[in-house]
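Computed from a prediction, not measured in an experiment: that's the story for all the values here. We're numbering straight along the sequence, starting at 1. First listed ligand is number 1; within each ligand, the first listed atom is number 1.
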Amino acid sequence: MTKKIIAFGGSSSKNSINKKFATYTANLFQNTTAEIIDLNDFEMPLYSVDIEENGFPEEAQNFLDKINEADLLVVSLAEHNGAYTVAFKNILDWCSRIDGKVFQNKKMLLMATSPGARGGGFVLDMAKTRFPIHKADLVGTFSFPSFYDNFDDKKGITDETLKNDLLKIVKSINF
Ligand SMILES: Cc1cc2nc3c(=O)[nH]c(=O)nc-3n(C[C@H](O)[C@H](O)[C@H](O)COP(=O)(O)O)c2cc1C
């Protein structure tokens, strides 16, 4: 059966560069199907223990169900003030209350990009430490710096070194 990739950007922005980058990367894998999910489809009230007393929003279970469908997760995190976006953290918090193993032992290529030279390095470092606790099987990590200088909507990655670095990681992932 054709293997399935679930990809998303860790952002709710309509023009998210991370969603774009996750989509581009998911499509580098051959002989697979890729489904790109949008965090806006999992919008929930801001997590609080008080709201949880009334039960879980169905979107939290829906997100976990999507993760469960994946053979590989391709994730690119947006960085807001050195950390996860509120949109992503809210989903993580709600889902973790249903099941701490949010990523369900799925293989994950974990990335981040930003317009800056550090390429979302802070949020990537945070997630590298944290996601395995939520049972992400990290099979590759990649920070893509200075998005607007190195990515073209039609051509994809324009910097040869960065392109080769990412292709090497993609080729190394078996699933
Ligand atoms: C509230 C806020 C905080 C930000 N903080 C950072 C930051 O800490 N590091 C960074 O590289 N970029 C930061 N940025 C710029 C984002 O990287 C940029 O908006 C990027 O497009 C976000 O990714 P997205 O397009 O996938 O949403 C910030 C942007 C916003 C709106």
Side-chain angles (χ1 to χ4, degrees), residues 4-29 32 34-48 57 59-60 62-64 66-67 69-70 72-96 102-103 106-134 136 138-159 161-163 165-167 169-170 173:
K4 181 163 184 175
I5 295 172
I6 299 278
F8 63 89
S11 163
S12 58
S13 300
K14 194 168 52 176
N15 298 315
S16 166
I17 59 175
N18 283 280
K19 185 177 181 189
K20 207 176 269 187
F21 192 56
T23 304
Y24 168 82
T25 304
N27 287 319
L28 294 176
F29 288 87
T32 58
E35 181 180 350
I36 316 303
I37 60 174
D38 188 316
L39 297 196
N40 290 296
D41 293 331
F42 306 91
E43 191 178 324
M44 296 172 264
L46 280 187
Y47 178 83
S48 91
E59 288 83 358
N62 292 346
F63 188 83
L64 289 169
K66 272 292 155 203
I67 300 294
E69 286 178 23
L72 175 71
L73 297 166
V74 173
V75 178
S76 186
L77 294 174
E79 181 171 290
H80 279 182
N81 295 314
Y84 308 123
T85 64
V86 168
F88 176 74
K89 183 64 163 47
N90 197 42
I91 293 171
L92 182 62
D93 286 352
W94 274 114
C95 289
S96 71
V102 174
F103 300 114
K106 301 291 181 175
K107 293 185 178 185
M108 180 189 287
L109 170 52
L110 175 62
M111 310 184 293
T113 189
S114 81
R118 222 176 167 270
F122 288 108
V123 71
L124 187 61
D125 284 347
M126 181 183 292
K128 274 189 210 172
T129 308
R130 187 69 208 179
F131 282 15
I133 294 169
H134 295 293
L138 298 185
V139 290
T141 63
F142 187 69
S143 161
F144 184 64
S146 308
F147 180 85
Y148 294 105
D149 298 333
N150 293 319
F151 193 91
D152 177 274
D153 278 350
K154 292 202 181 79
K155 295 186 205 139
I157 297 180
T158 51
D159 180 277
T161 306
L162 288 168
K163 190 173 181 174
D165 287 348
L166 181 60
L167 283 173
I169 293 170
V170 165
I173 297 174

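Residue-ligand proximity, Ser13 to ligand 1, at heavy-atom distances under 4.0 Å covers atoms 27 (O). Counting the atoms of ligand 1 from 1 in the order shown, those under 4.0 Å from a heavy atom of Asn18 are 23 (O), 24 (P), 26 (O). When each atom of ligand 1 is checked for a heavy atom of Ser16 under 4.0 Å away, the hits are 24 (P), 25 (O), 26 (O). Applying the 4.0 Å criterion to heavy atoms of Gly82 picks out, from ligand 1, the atoms 7 (C), 8 (O).
An N or O contact shorter than 3.5 Å is missing between Gly120 and ligand 1 by distance. Every N/O-N/O distance between Tyr148 and ligand 1 stays at or above 3.5 Å. Checked by distance only, ligand 1 and Ser11 come closer than 3.5 Å through their nitrogen or oxygen atoms.
Ligand 1 lies nowhere less than 4.0 angstrom from a heavy atom belonging to Gly116. Ligand 1 has Glu79 within reach: a non-hydrogen atom of the residue lies less than 4.0 Å from it.
Using modelled atom types, one side-chain atom of Asn90 and one backbone atom of Met44 make a donor-acceptor pair closer than 3.5 Å. A donor-acceptor pair under 3.5 Å is formed between the side chain of Ser16 and the backbone N or O of Lys19.
His80 NE2, 4.7 Å is the protein heavy atom nearest to atom 19 (O) of ligand 1. Annotation: atom 25 (O) of ligand 1 to nearest protein heavy atom, Ile17 N, 2.9 Å. Of the protein's non-hydrogen atoms, Ser114 OG, 3.0 Å is the one closest to atom 11 (O) of ligand 1. Closest protein heavy atom to atom 5 (N) of ligand 1: Asn81 N, 2.8 Å. Remark: minimum distance from atom 22 (C) of ligand 1 to any protein heavy atom is reached at Ala78 CB, 4.0 Å.
The structure places CZ of Phe21 at 12.0 Å from CG of Leu77, a figure rounded to the nearest 0.5 Å. Residue His134 holds its NE2 atom at 10.0 Å from SG of Cys95, rounded to the nearest 0.5 Å.
Surrounding CZ of Phe122 are at most 12 heavy atoms belonging to other residues, nucleotides or ligands under 6.0 Å away.
Scanning Pro115, Gly119, Ala117 for the heavy atom closest to atom 17 (O) of ligand 1 points to Pro115.
Annotation for Ile17 and Ser114: closest pair CD1-CA, 3.9 Å, computed over non-hydrogen atoms.
Aromatic rings from Phe8 and Phe63 are positioned such that their centres are separated by under 6.0 Å.
Salt-bridge formation is detected for the pair Glu35/Lys66: a Lys NZ or Arg NE/NH1/NH2 atom is positioned less than 4.0 Å from an Asp or Glu carboxylate oxygen. No salt bridge links Lys163 with Asp159; every basic N to acidic carboxylate O contact stays at or beyond 4.0 Å.
Annotation: side chain of Lys106 is in contact with side chain of Ile67 (closest heavy-atom distance under 4.5 Å).
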